[in-house]
**Q** 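I have a structure I would like to understand better, so I am pasting it below and will then ask my questions one at a time.
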Amino acid sequence: MSRATPRHDRSCAAAGAPAGPLAPTPAQTIGPFYGYALPFPGGGQIAPAGHPGTVTVHGCVRDGEGAPVPDALLEFWQAGPDGGCTGAPGSLRRDPATGAALGRNGVDFTGFGRVPTDADGRYAVHTRPATAPAGRPDAAPYLAVCLFARGLLHHLFTRVYFPGHPADRPTDPLLARLPAERADTLLARPDGPGRYRFDIRLQRSADGTHEETVFLAYR
C-alpha cells in the first residue's frame, strides 16, 4: 500500500514572509499604450504620394505643463472631394502569409489616417485640402481628429479647421457657438506653402497663456 505524501504548506507565513502590512507596489502610468500594433506603414499618407494639391498638417501634442506627449496616437477622418464620408476601402495592403500591414496601395484616397507622435510629441499627415461634408452647406471644411494617449481613460475628439474660409466661420454649427478665443484652438496656422500647423493642448496652461483645445462629446 502506498503511503500518502504530506501536503506542503506554501503560504507566505510558512515561507517566512514578515508579518504586517506589505509595502506598496511602485506607481505606474495608466495604460494602455498605443504605439504597438495600431500604427501602420503610410498611416499619415492619407492622399496618395505625389497627388497634386496635397497639404501637410503637422503639430505637437502637449500636456497642461506644455511638455510634449511622446506616445499619443491620432486618427484623422475627412470628407472626400465630393463631400462624401464613406471613404474608399481596400487601400491597406497586407502580407498574405503573416497578415502584417505593409502600407497603403498608393492609389486610393480613403479619408482616413492614423499616426503616432514621436519622442518630441510631434505628428504629421499628408492629405488633400479639407472639404465640408455633403449636405451641410453651413459647415466649414474640417478634419475630424480622435486622440488617444497615456493617462486618458477616454479618447478625445476634436477638429481641425483651416484659414481661408472666413465666410464659413459665422455659420458653422460648431464655430458659431464658441467664443473667439476657444474657436481659435481649432484653427490650423499657415506654416509655409501647402503646410499647416495644428497643436493640441490637453489642458489650459497654468498661467493662462495657452487655452485647452476644444474637445467634443458625441451623443
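Basis for what follows: all heavy atoms, side chains included, without hydrogens, waters or symmetry-related copies.
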**Q** Please check if the side chain of Asp118 supplies one atom and the backbone of Arg122 the other of a donor-acceptor pair under 3.5 Å.
**A** yes
**Q** Does the pair Arg201/Glu212 count as a salt bridge with the N-to-O cut at 4.0 Å?
**A** no
**Q** Verify, without hydrogens or angle tests, whether Thr117 (side chain) and Pro70 (backbone) share a donor-acceptor contact under 3.5 angstrom.
**A** yes
**Q** Consider only side-chain N and O atoms of Asp108 and Thr110, and report whether a donor and an acceptor are under 3.5 Å apart.
**A** no
**Q** Between His210 and Asp199, is there a side-chain donor-acceptor contact under 3.5 Å, judged purely by atom types and distance?
**A** no
**Q** Output yes when Glu211 and Arg182 qualify as a salt bridge under the 4.0 Å nitrogen-oxygen rule, no when they do not.
**A** yes
**Q** Sequence neighbours left out, what passes ring-ring contact (aromatic ring centres under 6.0 Å, His included) with Phe76? Give chain and number order.
**A** Tyr123
**Q** Check whether any side-chain heavy atom of Thr54 lies under 4.5 Å from a side-chain heavy atom of Ile46, and answer yes or no.
**A** no
**Q** Contact between Val61 and Leu74 at the side-chain level, heavy atoms closer than 4.5 Å - yes or no?
**A** yes
**Q** So does Gly43 get a backbone contact from the side chain of Arg104, meaning a donor-acceptor N/O pair under 3.5 Å?
**A** yes
**Q** List the steps, then state whether side-chain hydrogen bond (donor to acceptor under 3.5 Å, both in side chains) holds for Gln78 with Thr127.
**A** CA-CA 9 Å; Gln78 69 182 98; Thr127 187; 2.4 Å; yes
**Q** Can you confirm whether Phe198 sits close enough to Arg189 that some side-chain heavy atom of one is under 4.5 Å from a side-chain heavy atom of the other?
**A** no
**Q** Does the side chain of Arg128 reach to within under 4.5 Å of the side chain of Pro81, using non-hydrogen atoms?
**A** yes
**Q** Taking the side chain as every heavy atom from C-beta outward, state whether Pro163 and Tyr196 have any pair of such atoms under 4.5 Å apart.
**A** yes
**Q** Tell me, do Ile200 and Phe215 make a side-chain contact under 4.5 Å, heavy atoms counted?
**A** yes
**Q** Have Asp172 and Tyr142 got a donor and an acceptor in their side chains that come within less than 3.5 Å?
**A** no
**Q** Measuring only between side-chain heavy atoms, which start at C-beta, is Leu186 closer than 4.5 Å to Val160?
**A** no
**Q** Between Arg136 and Asp138, does the salt bridge (charged side-chain N to carboxylate O under 4.0 Å, His left out) criterion hold? Intermediate values first, please.
**A** CA-CA 5 Å; Arg136 299 297 303 273; Asp138 54 346; 3.6 Å; yes
**Q** Would you check if there is a donor-acceptor pair between the side chains of Thr56 and His126 at a distance under 3.5 Å?
**A** yes
